[in-house]
Amino acid sequence: MSECLFCRIIRREIPASIVYEDDRVLAFNDINPQAPLHALVIPKRHIESLNALAPEDDALVGELARRAAAIARDKGFAERGFRTVFNTNADAGQTVFHIHLHLLAGRGLTWPPG
Ligand code: AMP
Ligand code: ZN
């Protein structure tokens, strides 16, 4: 079994504040939130990063994006706006190597990012 942190959250071996779950996708609040809403939307299948995506993963990545938008909408941020980010490898600051879409909302977010 995978020792990956997020796989362990999926298996409920590590607690998380879960905001959405279905057969393929899990979303939970980030443990170190950078905005009033900071959730991570992940596939239940372990995929290391965007670099590991295959063409057959296209629908799954679409689900992550649509789920992030749905969570933002449900929490009242669709109009104000929100940010979604996939960090990939060292220069982007990826620390957990199980694909996760960051969903940030509830404050003005600067651009370009740091
Ligand atoms: P990244 O740097 O893009 O790989 O993002 C990893 C994110 O996972 C960071 O924002 C962390 O705060 C978050 N994180 C790490 N451990 C946990 C955990 N146990 N529960 C929820 N979020 C976590
Ligand atoms: Zn994993």
Side-chain angles (χ1 to χ4, degrees):
M1 261 196 222
S2 172
E3 289 306 305
C4 162
L5 174 66
F6 288 173
C7 284
R8 297 189 68 191
I9 287 176
I10 291 163
R11 296 198 302 266
R12 302 297 202 275
E13 293 171 8
I14 293 174
S17 168
I18 291 170
V19 297
Y20 177 83
E21 179 167 27
D22 66 25
D23 289 349
R24 294 172 302 283
V25 173
L26 185 72
F28 51 94
N29 289 314
D30 196 292
I31 203 166
N32 182 23
Q34 301 301 310
L37 170 61
H38 186 176
L40 303 172
V41 186
I42 71 172
K44 286 193 168 174
R45 183 157 57 82
H46 180 87
I47 304 171
E48 276 200 2
S49 79
L50 260 58
N51 285 333
L53 286 174
E56 53 268 31
D57 299 324
D58 287 1
L60 182 59
V61 175
E63 283 187 49
L64 301 180
R66 290 212 318 122
R67 182 53 52 195
I71 293 167
R73 183 195 63 222
D74 290 348
K75 296 190 179 293
F77 295 112
E79 288 304 317
R80 281 178 61 184
F82 55 90
R83 183 167 296 167
T84 43
V85 180
F86 286 109
N87 291 323
T88 302
N89 282 350
D91 271 6
Q94 185 176 6
T95 58
V96 179
F97 288 83
H98 179 132
I99 282 184
H100 46 282
L101 182 56
H102 290 263
L103 166 62
L104 299 130
R107 67 173 175 87
L109 298 160
T110 57
W111 192 265

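Applying the salt bridge (Lys or Arg N to Asp or Glu O under 4.0 Å) definition to pairs two or more places apart or across chains, those involving residues 61-89 are Arg24-Glu63. Contacts classified as salt bridge (Lys or Arg N to Asp or Glu O under 4.0 Å) and involving residues 2-17 (residues at least two apart or in different chains) are given here: Arg8-Glu13, Arg11-Glu13, Arg12-Glu21. Legend: ring pair (Phe, Tyr, Trp, His ring centres under 6.0 Å) pairs involving residues 29-66, not counting sequence neighbours, sorted by first then second residue: His38-His102, His46-His98. Residue pairs meeting the ring pair (Phe, Tyr, Trp, His ring centres under 6.0 Å) criterion with at least one member in residues 53-81, sequence neighbours excluded, do not occur. Applying the side chain to side chain donor-acceptor pair (under 3.5 Å) test to every pair with at least one member in residues 48-57, sequence neighbours left out, gives these pairs: Arg45-Asp57.
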Using the side-chain contact (heavy atoms from CB on, under 4.5 Å) rule, take Phe6 and Ile14 through it: C-alpha gap first, then chi angles, then the decisive distance, then the call. CA-CA 9 Å; Phe6 288 173; Ile14 293 174; over 6 Å; no
Apply side-chain contact (heavy atoms from CB on, under 4.5 Å) to residues Leu37 and Phe82 and explain how you reach the verdict. CA-CA 9 Å; Leu37 170 61; Phe82 55 90; over 6 Å; no
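To the nearest 0.5 Å, atom CG of residue Leu40 and atom CD1 of residue Ile99 are 13.0 Å apart. To the nearest 0.5 Å, atoms CD1 (Ile47) and SG (Cys4) are separated by 11.0 Å. Atom CG in Asn87 sits 6.0 Å away from atom NE2 in His100 (nearest 0.5 Å). Note that CG of Leu5 and CD1 of Ile31 are 8.0 Å apart. Values are rounded to the nearest 0.5 Å.
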Donor-acceptor pairs under 3.5 Å, side chain of residues 105-114 to any protein atom, not counting sequence neighbours: which ones?
{"unit_1": "Arg107", "atom_1": "NE", "unit_2": "Gln34", "atom_2": "O", "d": "2.8"}
{"unit_1": "Arg107", "atom_1": "NH2", "unit_2": "Gln34", "atom_2": "O", "d": "2.8"}

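Both Leu103 and Leu50 belong to a common hydrophobic cluster when Ile, Leu, Val, Met, Phe, Trp and Tyr are linked at side-chain heavy-atom distances under 4.5 angstrom. Leu60 is connected to Ile71 through a chain of hydrophobic side-chain contacts under 4.5 Å among Ile, Leu, Val, Met, Phe, Trp and Tyr, so both are in one cluster. Criterion: ILVMFWY side-chain heavy atoms under 4.5 Å apart, direct or through other members. Under it, Val61 and Tyr20 are part of a common hydrophobic cluster. With hydrophobic clusters built from ILVMFWY side chains whose heavy atoms lie under 4.5 angstrom apart, Val25 shares a cluster with Leu101.
Looking only at side-chain heavy atoms (C-beta outward), Ile42 and Ile10 come within less than 4.5 Å of each other.
Shown here for Leu64 and Pro43, the closest heavy-atom pair between the two residues is CD2-N, 3.7 Å. Residues Thr88 and Gln94 share a closest heavy-atom pair of CA-OE1, 3.3 Å.
Residue-environment remark: CG (Asp58) exceeds the threshold of 12 foreign heavy atoms within 6.0 Å.
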